[in-house]
Amino acid sequence: MRVLLPDSTELELPDGSTGLDAAAAIGPNLAKDAVLVRSNGRVQDLRLPLEDGQPIQILTTRDTDDPDALYVLRHSAAHLLAEAVRRLYPGTKIAIGPPIENGFYYDFEFPEPIGEDALERIEAEIERELEEGRSWEREEVSAEDAKRLFSEQGEDYKVELVDTAEGEISLYTQGEFTDLCRGPHLQDSKPIKALKLTGLAGAYWRGDEKNTQLTRIYGTAFFSQADLDAYLERLEEARKRDHRRLGTELDLFHLGEVSPGAPFWHPKGMVIWNVLEDLRRREDLRRGYAEVKTPLIFDKSLWETSGHWEKFRENMFLISDDERVSGLKPMNCPGHILIFGNRLRSYRELPLRLAEAGTLHRNELAGTLHGLTRVTHVTQDDSHIFCTRDQIEEEVLGCLDYSEYLYGLFGLEFRFELSTRPENRLGTDEEWDFTEGALRSALERRGLEYELNEGDGAFYGPKIDLHMTDSLGRSWQMGTIQLDSQMPARFGVTYVGPDNHEHTPYMIHRASFGSLERFIGILIEHYAGAFPVWLAPVQVRIIPVGLDHRDAARELAEKLDEFRVEVDDSDETVGKRIRNAEVEKIPYVLVWGDKESEDSIAVRTHGGEQSTKSLDELQAELRKASSVS
RNA sequence: GCCGGAGUAGCUCAGCUGGUCAGAGCAACGGUUUUGUAAACCGUAGGCCGUCGGUUCGAAUCCGACCUCCGGCUCCA
């Protein structure tokens, strides 16, 4: 057999050769340092036979940044973790332990609960394993043998995994520890030069909260101590971007115990909020949305009609007095449907696009709140488009365009997900074929890449969600486009078609920012608090050098009053006031003293760059920087 | 809701093997200084040590419950 090497040369090998054989044929050092084989984008264990005629690439311990090489390293590290836990805590059952982005974890069922201090002990045990050295043996067995092995060991979770496994069953053994595993793995533990256990958490077996909760131990591993140090440093840097921290430092908002999950917006945070609101209002107008406002509180009967009483009551804040039970709205759709249904509608009015930055309240499960990105007081830039079947695709395209335009303004990176019919759903299969097809077709017509999220749609229809990642790598759902063929029918709203008959409209739920709170949280992290001029709460700060310059500084501020300008004439040195402006991340600082005039203003931008500009030049520059789009 | 942590001045944190343990820096306030591109100097004030209960002669410190926050799981915009 022969394989193709990355430099395009061919390598002749005996039939049935493995990746390790290939590496050895090239050189003994390569064989020693090899961690896995990559072929056509697929990774493969070194111990497995190669396919004839295929290109291969041997990854080694020197590929320290390669995600595949790191995955293998961390996967093997997870097995060391499991071995250590089993030795230290007899009777512990092991579940699964995959590599993940930035590390790995392993899930266990401990006989007794463990605390965080256990991590040190376990880490020490892994260090001991590393000093001793471990090597991995791969073995393929029948499902029956695998089940026998694991049931003898009392490893119920592994037995269950064998039952649901597809394809070959393979085992990896290191030392006295054998695990069910598809691989690939390292040859031995030498490449694991740095390892750290990073956390402890509860996690449900197979991700289902109805199952038993296991204890998950998180860790990470690298090919060198320097890489681990660099990773920890990056984490620390990311923490500095955390919007919760910056929200306090920049005096944008605060959260208080008296109203969990409901932000108090401070003046500076409110500036950003209003810039976004203005932007949204302008775009809604431009794109043919009509703004409405609907009540916060609705009688229970409305929620029964909408289905929220049945499906969403757990997440609703309820109010009751002697007279009646009401609920604070968790969504705007019922209100908008009531506006649509308030009088007879004609097909000539469609598509009817109603928009509202509505205040919603959602009583989230304790333990899920998170700064601005997960709140109980949610402000959605919500709109509902009532349209005919034929209009759906065009409207979805319009929503996609809206989202891409908005996120483009901020230079945000995001990804689309298409969620399709869930098991628990309303409507016929034909209906779902049509609605899913319409969303897919709109995505494809715009040439957008998207991930398919099968079975994750709403009970009333499929949806396209826009997802983003925060500074610590957590993924958040932002905007959403949901196609709904059920809600209008539940409310019995109709329009009169050209055939003079009544028809039920389709409804598209669309939010572009998603929630203003979450969006601002993400924005703070995206800019690390250093907002561009058009978003910055304070755009320009003027610092008079001495007492004599105060009046001139105020005059200058007046000439720049189309911008958000402040004069800092506090009794501090110039150096201190500059520092304060830098710490507050104000984009423009103007120092005004004896040397300055309207023809020559000392300009300092955030970060320290200095220049001299005339008032006209400065105004032109600021106008450009503060305009949206 | 579940698992593991944590809650001490406005902020960041020390004190937490029970007994001068109510502490520091920054911020605030007062005074001196009038400043030229990231921190002038001196002083003052500020805390029911998250809340409630228990153990003890004595609790910020030990125990319990609750609240909130942090890291995850689940759920979600």
Side-chain angles (χ1 to χ4, degrees), chain A residues 105 107 110 113-119 198-218 239 242 244-245 248-249 251 254-261 312 314-315 330-331 360 362 364-376 378-382 456 458 463 465-468 472 474-480 482 509 511-519 521-522 543-550 569-584 589-596 602-610:
Chain A
Y105 67 79
D107 286 347
F110 285 92
I114 60 161
E116 224 154 54
D117 44 349
L119 293 184
T198 52
L200 191 60
Y204 301 101
W205 170 238
R206 291 187 184 272
D208 189 334
E209 78 183 313
K210 288 191 282 291
N211 291 337
T212 48
Q213 189 167 42
L214 306 169
T215 303
R216 176 170 297 177
I217 296 177
Y218 285 94
R239 271 191 263 277
D242 192 312
R244 292 165 299 184
R245 177 187 180 129
T248 303
E249 285 176 4
D251 198 17
H254 84 266
L255 293 154
E257 283 195 21
V258 286
S259 189
F312 213 73
E314 295 294 299
N315 287 305
M331 295 184 191
L360 311 177
R362 296 185 182 180
E364 300 288 354
L365 247 34
T368 58
L369 298 179
H370 187 97
L372 292 179
T373 46
R374 188 71 182 271
V375 291
T376 54
V378 189
T379 309
Q380 256 185 8
D381 63 320
D382 208 359
D456 212 33
K463 57 178 186 164
D465 293 326
L466 202 150
H467 292 256
M468 286 193 57
L472 291 166
R474 285 178 284 235
S475 180
W476 298 99
Q477 187 189 315
M478 310 296 290
T480 186
Q482 307 182 356
H509 308 243
S512 295
F513 288 130
S515 109
L516 257 315
E517 288 85 358
R518 180 175 288 180
F519 193 84
I522 292 280
I543 298 178
V545 172
L547 289 174
D548 298 344
H549 309 111
R550 284 178 167 179
D569 58 2
S570 61
D571 184 17
E572 295 286 356
T573 59
V574 172
K576 181 59 183 292
R577 282 178 284 161
I578 298 264
R579 181 185 142 79
N580 286 344
E582 284 290 344
V583 168
E584 290 172 54
V589 176
L590 312 178
V591 176
W592 188 279
D594 288 336
K595 296 183 226 160
E596 280 69 32
V603 178
R604 177 191 170 110
T605 50
H606 176 64
E609 200 172 307
Q610 292 176 49

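Worth saying up front: this structure is predicted, and the values here are computed from it rather than measured. Each chain gets a letter, A, B and so on, in the order the sequences are listed, and its residues count up from 1.
- At least one side-chain nitrogen or oxygen of H370(A) sits closer than 4.0 Å to the OP1 or OP2 atom of G71(B).
- Residue H606(A) contributes atom NE2, which lies 14 Å from atom C1' of U37(B) at whole-angstrom precision.
- Q610(A) comes within 4.0 angstrom of a nucleotide base, judged by non-hydrogen atoms across all strands.
- L369(A) places its CG atom 10 Å from the C1' atom of C69(B), with the value rounded to the nearest Å.
- Looking at R206(A) and D208(A), no side-chain N of the basic residue comes within less than 4.0 Å of a carboxylate O on the acidic one, giving no salt bridge.
- Checking U20(B) for Watson-Crick or G-U wobble geometry (two distances, each under 3.5 Å) identifies no partner in any strand.
- At a cut-off of 3.5 angstrom, the base of U33(B) holds at least one donor-acceptor pair with the side chain of D571(A).
- A close approach under 4.0 Å does not occur between any side-chain nitrogen or oxygen of R362(A) and OP1 or OP2 of C76(B).
- Atom P of nucleotide G10(B) and atom CG of D251(A) are separated by 15 Å, given to the nearest angstrom.
- When the C1' atom of U37(B) is taken as reference, atom CD of E584(A) falls 16 Å away, rounded to whole Å.
- When the side-chain nitrogen and oxygen atoms of R577(A) are compared with OP1 and OP2 of G36(B), none of them lie within a distance under 4.0 Å.
- Nearest to the side-chain atoms of S515(A) among the listed nucleotides A77(B), A27(B), G72(B) stands A77(B).
- Rounding to whole angstrom units, CG of residue L119(A) and P of G72(B) are separated by 14 Å.
- Following rounding to the nearest Å, R374(A) (CZ) and G71(B) (P) show an atom-to-atom distance of 13 Å.
- For R216(A), no side-chain nitrogen or oxygen approaches OP1 or OP2 of U74(B) to under 4.0 Å.
- T368(A) has no side-chain polar atom (N or O) that falls below the 4.0 Å cut-off from OP1 or OP2 of C75(B).
- At a cut-off of 3.5 angstrom, counting only N and O atoms as typed in the model, there is a donor on one side and an acceptor on the other between the side-chain of E596(A) and the base of G36(B).
- The side-chain heavy atoms of L466(A) and Q477(A), taken from C-beta on, include no pair separated by under 4.5 Å.
- When the side-chain nitrogen and oxygen atoms of K210(A) are compared with OP1 and OP2 of C75(B), none of them lie within a distance under 4.0 Å.
- Comparing R474(A) and L255(A) against RNA chain B, the residue whose closest nucleotide sits nearer the 5' end is L255(A).
- The shortest side-chain heavy-atom distance between H606(A) and E582(A) falls under the 4.5 Å cut-off.
- In this structure, V545(A) and V591(A) have side chains that are in contact, with non-hydrogen atoms separated by less than 4.5 Å.
- Contact check on E517(A) versus R374(A) returns no salt bridge, with no Lys/Arg side-chain nitrogen under 4.0 Å from an Asp/Glu carboxylate oxygen.
- Rounded to an integer number of Å, the gap from M478(A) CE to A77(B) P is 12 Å.
- The A203(A) side chain lies nearest to C73(B) when the options are C73(B), G36(B), G4(B).
- Comparing D465(A) and D242(A) by the nucleotide of RNA chain B whose heavy atom lies nearest to each, the residue mapping closer to the 5' end is D242(A).
- When only modelled atom types and interatomic distance are considered, D594(A) and H549(A) share a side-chain donor-acceptor pair under 3.5 Å.
- Following rounding to the nearest Å, F519(A) (CZ) and A77(B) (P) show an atom-to-atom distance of 17 Å.
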